Amino acid sequence: MKKEERPSSSCEEEKNVVLQKFRDLLKSSSIETFLSPGFDHDTKILEKNYCELVGRITKIKQTDKERREILSTWLTFVGLSAQNIRHLEICSITVFDSLLKISQTELRSLADRGRFDAETKRKLLQSTVILQSHCQHYLHHKRDSIEEPPGPSTSTPNTACNIPSLMVGGNKILQSTSMNFSSAPKSPKTSSRFVHAIPHKWHRSTKFRFSGDAVCHFCQRPLGFGFLNAWEKCRSCKWKVHTQCKGRVGDSCGLTPDHLRFLFDKLIQENNGGMWNDPQSAVPIPGSRSMNEPAFQYPDTAIDSSSSTNSSAPSTPAMPLGVPGSGLNPLTAPYRSERKFLFPDTEMYSMHNKVPILVISEGDNHIEAKPDESEGTIVAQDSIGSNEAQSSEASDKFNRRNDGGHQWERHTWNMSTIRVPNTQASWNEVTIQPESIEWDKRQLLIGNGRFGKVLRGFHYGDVAVKMFDMNHIREKSKRAEEFKLEVSAYKNTRHDNIALFLGYFMSDDKYGLVMSLCKGSQTLYGFLHVEKRKLDLPTTRRLAQQICQGVSYLHTKKILHKDLRTKNVLLESINKVVITDFGVLSMRRLSYPKADYGYIAPKFWVNYIAPEIVASLRCDYDEFYSEELPFTEFSDVYAFGTLWYEMLTGLMPFKATEVERVLWMKGNGMKAVIPNVNCTREMKELLTKCWMADPNDRPTFVDINLKLTSLPRKQRVNRSPSFPVMMKSYESAF
Ligand SMILES: Nc1ncnc2c1ncn2[C@@H]1O[C@H](COP(=O)(O)OP(=O)(O)OP(=O)(O)O)[C@@H](O)[C@H]1O
């Protein structure tokens, strides 16, 4: 017994020594010294000591709690508040290993999301770069070097220290055993610090350069502008750093060994013919460069890869793309292309194996079970309630519910308004007698939508009345309650860019929502895709800001739009938009009328839904047992991304692609390509962010609004400097 205990107690001793040393070091120094810009001899020693200790900490056996505590001590030393640390914990940065693995882009995005102040963010990013450049080999060798102490283990195996498993198509991809990077690729500088590092290819421009609001990847301070020596850029991974920061970055260019191994595995597993084709265009991708070339880079750094503001081609080599049915995710890694902008994040959503059939309801394209025309088709005169013929196929399932309706737990977010006490009075205030509305006899019908029709009327002024179709609720007695839930989203909204709610009525199974009439009834969809008119950049930006402010307002009111589309954005004038149709879309609405073959969805609906919504769509939707669609404020952000795409390009993403294909592509994390449009890199970058596969990586509407405000007013032009350069004014760089 004693023999068995000895090794674990020596491990315990070693652990205590290392942890104590680390704590002492933290006490005896400051983060400012550690990040010292001067990087003198003492700092070098300090840096070495820290990194060595961190490396050892990642290797020693600890409980999860200890690992969390030690990371938290380090983060406190770096300058993070308890709230900041908590935020990182929520984002799975709980142990050193995860911090050492995270990419700069991800970490920056986490810090932004946690609203870290600029200084804290800088310190965190800077210190992480230093640690990562030193500790690569500790992590890499860890699996080989950690040996379970002999004898029965008393502690639970620590999974946190394992290299994060990569999920592809819901299956765990095993780390390669075929590729061993412990010896290759070799860095020319084979110092012990950079065993697996790839050196950057720093390039110092001889031109006068202005870098806009770009920041140094290392110190997070603005790159500023300068001549010759101000900053340098890596030709391979496109990192930009101040010349004085270069030395601290280390040879961390491109992929980490784990990513390389993963990509090699992907190649081996997937490259069985035809994998190098672009699934969207079916045009063969230009041949990729060798995997060993240093320019091989993280897909997620590609956004920085465009050095020209107009360039739409990230300078990264081709990657294999998956094929349907392979069960594996295709990598949407960017490749060299003159015309296409590809989206860098390759995060995958596991796609359930059945893609639901979506029948597009468009114009006069009638389907048997369809109650009415859709797609807002403007049609001739009609009368109220002409679509009352109820489908005999209405779901019986709803009747089986003994609680009498849908569970709205998830919608505590957006349905709070009618549950507060004394609400009846407030509902009375907004009740309109239908008799008091004068219907426009000449042009009654404005348009038909998937969930009702919009009529023109007069009620102390011109009004538009949306007649909601409530047939999806079989029990008539429940319809009023459900309708009120939907109206409640409108009831408390007062915003310049939100359709003005005037009141509602319910009578004789007619459910009307009265709102102010938008003159011309022009939608952004009609403007862009029917009239095929173009928006100039300032107008695009202005309208996008209004949409953003409108939806942001809804979010502050705890209302999710859930159906943000250009069809639901009314164009009052070229300078003003108004948002409608919010808070209504639900799986129950979508699944009525019941179609054996799937759902009847508005045309192009799939182009707006986020991958997580796609992933939750099921053929076998059951209103009693199935979950509602998981709409969040971030799925609204995704939809905004599509609007932004449409406004920038005048096109619909995935336009010529079949619905099933779009669903499949989205479910696998693929994005539409952006044609070579005349817009700035920042504008494309915004789109990339809104379309991030992981909802948590998408910005909030507040962030988007800030971004839109800070976009350069004019397109930057890359002019060659006419000497003498210093005579040029600062503004001439634009
Ligand atoms: N407040 C309003 N003022 C003027 N026209 C409106 C107003 N609200 C809606 N419309 C018009 O009514 C038509 C139908 O709108 P509705 O929202 O019902 O359907 P849609 O959004 O076009 O289609 P979908 O079913 O795809 O959502 C649209 O063409 C829209 O322009």
Side-chain angles (χ1 to χ4, degrees), residues 105-106 108-113 115 211-215 238 299-314 332 334 340-345 347 497 524 528 535-552 555 561 564-566 569 577 607-608 610-611 633-653 669 671-716:
T105 324
E106 281 170 304
R108 185 177 300 133
S109 136
L110 289 188
D112 288 341
R113 303 197 71 76
R115 306 207 188 285
S211 53
D213 24 353
V215 291
K238 314 297 176 198
D300 67 357
T301 57
I303 193 63
D304 289 335
S305 67
S306 172
S307 51
S308 151
T309 49
N310 289 326
S311 165
S312 57
T332 49
K340 289 173 181 173
F341 178 88
L342 281 173
F343 290 86
D345 69 316
E347 193 152 342
N497 302 113
L524 194 51
L528 293 171
L535 292 169
D536 58 34
L537 284 187
T539 314
T540 302
R541 187 178 135 136
R542 190 170 47 249
L543 298 185
Q545 266 188 301
Q546 291 178 12
I547 296 169
C548 195
Q549 283 158 9
V551 185
S552 181
H555 286 179
H561 192 296
L564 189 58
R565 291 182 284 140
T566 37
V569 175
V577 286
N607 298 29
Y608 297 91
E633 48 191 317
F634 300 114
S635 58
D636 279 351
V637 170
Y638 186 95
F640 172 83
T642 306
L643 259 78
W644 181 236
Y645 179 103
E646 291 175 74
M647 286 194 281
L648 286 180
T649 64
L651 303 169
M652 183 64 81
K671 316 281 190 315
V673 291
I674 304 188
N676 207 4
V677 286
N678 190 24
C679 69
T680 62
R681 186 172 61 84
E682 290 86 348
M683 287 174 155
K684 288 179 179 175
E685 200 174 293
L686 178 61
L687 181 55
T688 314
K689 289 198 172 142
C690 293
W691 274 356
M692 289 304 271
D694 184 344
N696 294 318
D697 290 341
R698 292 175 212 147
T700 62
F701 275 100
V702 178
D703 300 333
I704 300 172
N705 196 29
L706 280 174
K707 187 78 196 166
L708 287 170
T709 316
S710 67
L711 283 178
R713 302 220 163 243
K714 288 182 192 168
Q715 181 92 313
R716 284 185 213 147

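Start at 1 with the first residue, then count along the sequence. None of these values were measured; they are calculated from a predicted model.
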[X] side chain near [Y] side chain, heavy-atom distance below 4.5 Å:
| X | Y | value |
| --- | --- | --- |
| Arg542 | Asp536 | no |
| Ile547 | Leu524 | yes |
| Leu537 | Met683 | yes |
| Tyr645 | Cys690 | no |

Can you tell me how far [atom2] of [Y] sits from [atom1] of [X], rounded to the nearest 0.5 angstrom?
| X | Y | atom1 | atom2 | result |
| --- | --- | --- | --- | --- |
| Glu633 | Ser552 | CD | OG | 9.0 Å |
| Leu643 | Leu687 | CG | CG | 11.0 Å |
| His555 | His561 | NE2 | NE2 | 9.0 Å |
| Thr688 | Asp697 | OG1 | CG | 12.0 Å |
| Glu646 | Leu535 | CD | CG | 10.5 Å |
| Leu711 | Leu706 | CG | CG | 11.0 Å |

Step-by-step side chain to side chain contact (heavy atoms under 4.5 Å, CB included) determination, Asp112 to Arg108: CA-CA 6 Å; Asp112 288 341; Arg108 185 177 300 133; 3.9 Å; yes
Tested for side chain to side chain contact (heavy atoms under 4.5 Å, CB included) against Leu528, the lone hit among Thr649, Leu651, Thr566 is Thr566
Can you see whether Thr642 engages Trp691 through a side-chain donor-acceptor pair at a distance of less than 3.5 angstrom?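 Yes.
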Partners passing side-chain contact (heavy atoms from CB on, under 4.5 Å) against Ala639 (at least two apart in sequence or in another chain):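 For Ala639, the residues satisfying side-chain contact (heavy atoms from CB on, under 4.5 Å) (neighbours in sequence not counted) are Leu564, Tyr608.
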For the pair [X] (side chain) and [Y] (backbone), establish whether a donor and an acceptor sit closer than 3.5 Å, ignoring hydrogens and angles.
| X | Y | value |
| --- | --- | --- |
| Asn705 | Val702 | no |
| Gln546 | Val577 | yes |
| Asn607 | Pro653 | yes |

Should Arg698 and Asp636 count as an ion pair when the cut-off is N to O under 4.0 Å? no
For Phe640, what residues pass the ring-ring contact (aromatic ring centres under 6.0 Å, His included) criterion, not counting sequence neighbours? Phe701
